[in-house]
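Chain A is the first sequence line, chain B the second, and so forth, proteins listed ahead of strands; every chain is numbered from 1.
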Amino acid sequence: MNWAQQLLHWYDANKRDLPWRRTKDPYAIWVSEVMLQQTRVETVIPYYHTFLGRFPDPAALAAASEEVVLKGWEGLGYYSRARHLQAAARQIVERYGGQIPADPDRFRSLPGVGPYTCGAVMSIAFALPEPAVDGNVCRVFSRFFGWSDPVGSPSLLRQARQASQAQLDRLPRERIADWTQALMELGALVCLPRSARCEDCPLAADCVALQDGTVEALPVRKARKENPVIRRDALLLTDDQGRLLLHQRPEEGLLAGMWELPSLEEMLAQQETFSLGETWSSPEGTRALQKGQIVIDRSEPRQFRHVFTHLTWIVDVYPARWSAGDVTTARQAVTEMTEGAIRENTTPYGEKGKTALRPCMWSTSEDRSRLPMNRLTRNILKHYGMI
DNA sequence: CAGGCGTGGGC
DNA sequence: TGCCCAAGCCT
């Protein structure tokens, strides 16, 4: 047996029983591939079942509101994946009658479908000989062939695709899907980033890195930049009916379109353009703020920390109460409630000069269970008993 | 092409 | 605790 046959043989005996390996539905396989981008298998499994139950085919996904789709993705992260998936589903309904095109060029042109996802779906769902090179495959080949190109570099990707393609071209059709998954499965179970299990590897006899003693050194990784720390503040403003003021983030960028606590800094930044009691931007169907005033809790704000891939937030949360009363303009209300209470050096919303008004709403408990929020906001609301 | 874009688990 | 990651894509 050559090394490719040994790998397939190993896969036959050691492959995991994963939900997306029990279906031939190209749509379901596609959904799993998108969810698995930069995300662990154990994390994905419950989302996979829920999402497919709610959106069983491209037509169902295309017909849903973005809010419901985002809610189905809540907690998974990288939320543009969900938007792209839905946008692609809509194109599939319009252009291809709701069927995933069994055509690499057409599928690849859909939003959110890159080289890896295209190759994975085409090979796994349609047995087309398209290479699918992800982080696992790069690592396996980097070690097996002793390639020292950095992870993610075009040269490593190109070589890995070429190596996979060379095998695909020699495989019978019924082994195409297995080949794609066998490479990744080896990376996930044996050829691990750290503490590789070379003693269990079906390719050990031919592995350059194992013979050279460079398994732990490969693949070469670039040094990571330091995470900036961003100081923020958030207003936990409730009224006498238990409603909570929420704010929707901009349509683009970090946590796009998701709901969170409004920022005192943002209110300060926008005080020239609206007043709290009169013209607060409000999406259709939500309740505008009534005239009243804010009473802020002057005790020390509680602090929450949230770490993203590329930055860290430290958020001071200020509990406050909205009560009916005299008309209070934003300038008066915000100036009064922040004076001596708000910390300095926090960062306003609308980074990079975008200061467009975003929708705010008084949310009921029911609203808060329905609206998509990120993990930090969920944690804050849970801490204060708001969900 | 380098950087933006989430989250939770392992060590 | 802090750091590294895990089945990428987009700009």
Looking at residues 19-27 of chain A, who's got a heavy atom less than 4.0 Å off DNA chain C?
A:W20, A:R21
Show every salt bridge (charged side-chain N to carboxylate O under 4.0 Å, His left out) that has at least one partner inside residues 81-94 of chain A, sequence neighbours left out.
A:E66-A:R83
Check for a donor-acceptor pair, side chain of A:Q86 on one end and backbone N or O of A:L61 on the other, with a separation under 3.5 Å.
yes
Of all residues at least two apart in sequence or in a different chain, which pass the ring-ring contact (aromatic ring centres under 6.0 Å, His included) check with A:Y47?
none
Does A:H383 have any ring-ring contact (aromatic ring centres under 6.0 Å, His included) partners at least two apart in sequence or in another chain, and if so, which?
A:F304
Against the side chain of A:K222, the closest entry in B:dA2, B:dT7, C:dA6 is B:dA2
Salt bridge (charged side-chain N to carboxylate O under 4.0 Å, His left out) partners of residues 206-220 of chain A, not counting sequence neighbours, each pair once:
none
Pick from A:R368, A:R370, A:R243: which one makes a side-chain hydrogen bond (donor to acceptor under 3.5 Å, both in side chains) with A:S363?
A:R368
Of the residues in residues 152-184 of chain A, which ones touch DNA chain C at a heavy-atom distance under 4.0 Å?
A:M184
For A:Y48, the ring-ring contact (aromatic ring centres under 6.0 Å, His included) test, sequence neighbours excluded, returns A:W20
Which of residues 65-77 of chain A sit near DNA chain B, with a heavy atom under 4.0 Å from it?
A:G75, A:L76, A:G77
What distance, rounded to whole Å, do you find between the two P atoms, one in C:dT11 and one in B:dG6?
14 Å
Tabulate protein N/O versus nucleotide N/O from nucleotides 8-11 of chain C, keeping only pairs under 3.5 Å, one per line.
unit_1 : atom_1 : unit_2 : atom_2 : d
C:dG8  : OP1    : A:G135 : N      : 3.3
C:dG8  : OP2    : A:Q38  : N      : 2.7
C:dG8  : OP2    : A:Q38  : NE2    : 2.6
C:dG8  : O5'    : A:Q38  : NE2    : 3.3
C:dC9  : OP1    : A:G114 : N      : 2.9
C:dC9  : OP1    : A:G114 : O      : 3.4
C:dC9  : OP1    : A:T117 : N      : 2.9
C:dC9  : OP1    : A:T117 : OG1    : 2.6
C:dC9  : OP2    : A:Y116 : N      : 3.3
C:dC10 : OP1    : A:G112 : N      : 2.6

For nucleotides B:dG3 and C:dC4, find the distance between their P atoms and express it as a whole number of Å.
16 Å
Using a 4.0 Å cut-off on heavy atoms, which residues in residues 40-55 of chain A reach DNA chain B? List them by number, or say none.
A:R40
Does A:K15 offer a backbone N or O that forms a donor-acceptor pair with the side chain of A:E185 under 3.5 Å?
no
Tell me which pairs pass salt bridge (charged side-chain N to carboxylate O under 4.0 Å, His left out) where either residue lies in residues 133-162 of chain A, with sequence neighbours left out.
none
Between B:dT7, C:dC5, B:dG4, which one does the side chain of A:H306 approach most closely?
B:dT7
Starting at atom CD of A:E216, determine the distance to atom P of C:dC5, rounded to an integer number of angstrom.
12 Å
Who pairs with A:F51 by ring-ring contact (aromatic ring centres under 6.0 Å, His included), at least two apart in sequence or on another chain?
A:F55, A:W73
Can you tell me how far P in B:dC5 sits from the matching atom in C:dA6, rounded to whole Å?
23 Å
Residues A:D105 and A:R108 bridged, charged N to O under 4.0 Å
no
Base, sugar-phosphate, or nothing: which does A:R378 touch, judged by heavy atoms less than 4.0 Å apart?
nothing
